[in-house]
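Here's the structure we're looking at; comments come further down.
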2 protein chains.
Amino acid sequence: MNKSILDVIHSSAEDLHAAGVMDLATLREFDALCLPPVEKYTASQIKSIRTHIKVSQGVFAAYLNTSISTVQKWEQGTKKPNGPSLKLLNLVAKKGLDVLA
Amino acid sequence: MNKSILDVIHSSAEDLHAAGVMDLATLREFDALCLPPVEKYTASQIKSIRTHIKVSQGVFAAYLNTSISTVQKWEQGTKKPNGPSLKLLNLVAKKGLDVLA
DNA sequence: TTTTATTGTAGCACTAAGTGCTATAAAAAC
DNA sequence: GTTTTTATAGCACTTAGTGCTACAATAAAA
C-alpha cells in the first residue's frame, strides 16, 4: 500500500469536490478508502506506547475511556483490543495523547 | 462540572510544569482529571452524528475501525457502544471525522 | 418505468472483549 | 522502614462485537 498514491487520489478527489464535480458523499467514500491502515500492536507494544507517554495504566485508561482492567489485559496479552480500541491506540501512538483531549 | 474551572486547573498545572515545579507524570494526572466527560448517546443521536456528516454506515464504520453490523446495532439500539467506541463517537461529534484520519 | 445497485433494517447465533473483583508483588514516595 | 501507588495474575460473568441471512427502502441507471 503506497501512501503517496493514496495521497494523490485523495487530493484529486478533493479538487473534484471543490470544482463541484464530485458530491460530498462520494468524496467521503474516497476518504474512507484513503484512511491510514490501523496497525495491530503486541502486548509489549501497547505497553511501550503508554510508557513512552509516561502515564500510569489508570491515566491511560481514562484517556481511552476504558477500565484499568482492560488496559492491564492488553499489556499482559490476555485480551486483545477490538477495532475502535485499536483505532484509539493508533491515534495516540501517531498523534499523542492530546488528540483525545 | 464547570469546564472553565477545569481549564484554569489545567493551565495552572501546565505552568507549574513549565516552571519545573511539577514533573510530567503528575501533570498527566491533572490532565486526566481535566478530561472532558465522555457523553453517552442514544441510538438516534448516534445516527444523527453520522447523517450530519453525510456518510454511509459503511464509511462511518471504516473511520471508527468497526464493522457495519456494529454501527447498525448502535443505531437500532440493539447494542450500546462500549468505552473506547464512545470516546471515538465523542471525538467525531465534537471535532469532526478528520481527527480520525 | 422498470430494472439494478446501494443502503439500511431486523433478527439469529456465537465468540471473545470488557469489566469487576481479589490477592499478591513490585516500585515509588514518605 | 513504612506507607502508598502501581502493576501483575487469575477467576468469573456479562454483553458488546461480529458475521450472516433475508428483506425493505432508497437511489441510480437502463
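Worth knowing before you read on, the calculation uses all heavy atoms, side chains too, and leaves out hydrogens, waters and symmetry mates. Throughout, protein chains are lettered first and strands after them, A, B, ... in sequence-line order, and every chain is numbered starting at 1.
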Without decimals, in angstroms, what is the distance between [X] [atom1] and [N] [atom2]?
X        : N       : atom1 : atom2 : value
Glu75(A) : dA9(D)  : CD    : C1'   : 14 Å
Ile46(B) : dT9(C)  : CD1   : P     : 13 Å
Lys73(A) : dA17(C) : NZ    : P     : 12 Å

- Any donor-acceptor pair under 3.5 Å joining the side chain of Lys47(B) to the base of dG8(C)? no
- Query: Would you say the side chain of Ser69(B) and the base of dG19(D) hold a donor-acceptor pair, judged only by whether the two atoms sit under 3.5 Å apart?
  - Reply: yes
- Task: Look at all strands and tell whether Ser85(A) reaches a base, only sugar-phosphate, or nothing, counting heavy atoms closer than 4.0 Å.
- Result: sugar-phosphate
- From the options dA10(C), dG17(D), dT19(C), select the nucleotide whose nearest atom is closest to the side chain of Ser67(A). dT19(C)
- Measure from the side chain of Lys80(A), starting at C-beta and using heavy atoms only, and say which of dA17(C), dG8(C), dA7(D) lies closest. dA17(C)
- Message: Quick check on DNA chain C: between Ile68(B) and Thr70(A), whose nearest nucleotide comes earlier from the 5' end?
- Response: Ile68(B)
Any [X] side-chain N or O less than 4.0 Å from OP1/OP2 of [N]:
X        : N       : value
Gln57(B) : dT7(C)  : no
Ser56(A) : dT5(D)  : no
Asn82(A) : dT18(D) : no
Lys79(A) : dT15(C) : no
Gln72(A) : dA7(D)  : no
Trp74(A) : dG18(C) : yes

- Query: In a check of side-chain contact (heavy atoms from CB on, under 4.5 Å) between Leu64(B) and each of Val59(B), Thr70(B), Leu89(B), which one passes?
  - Reply: Leu89(B)
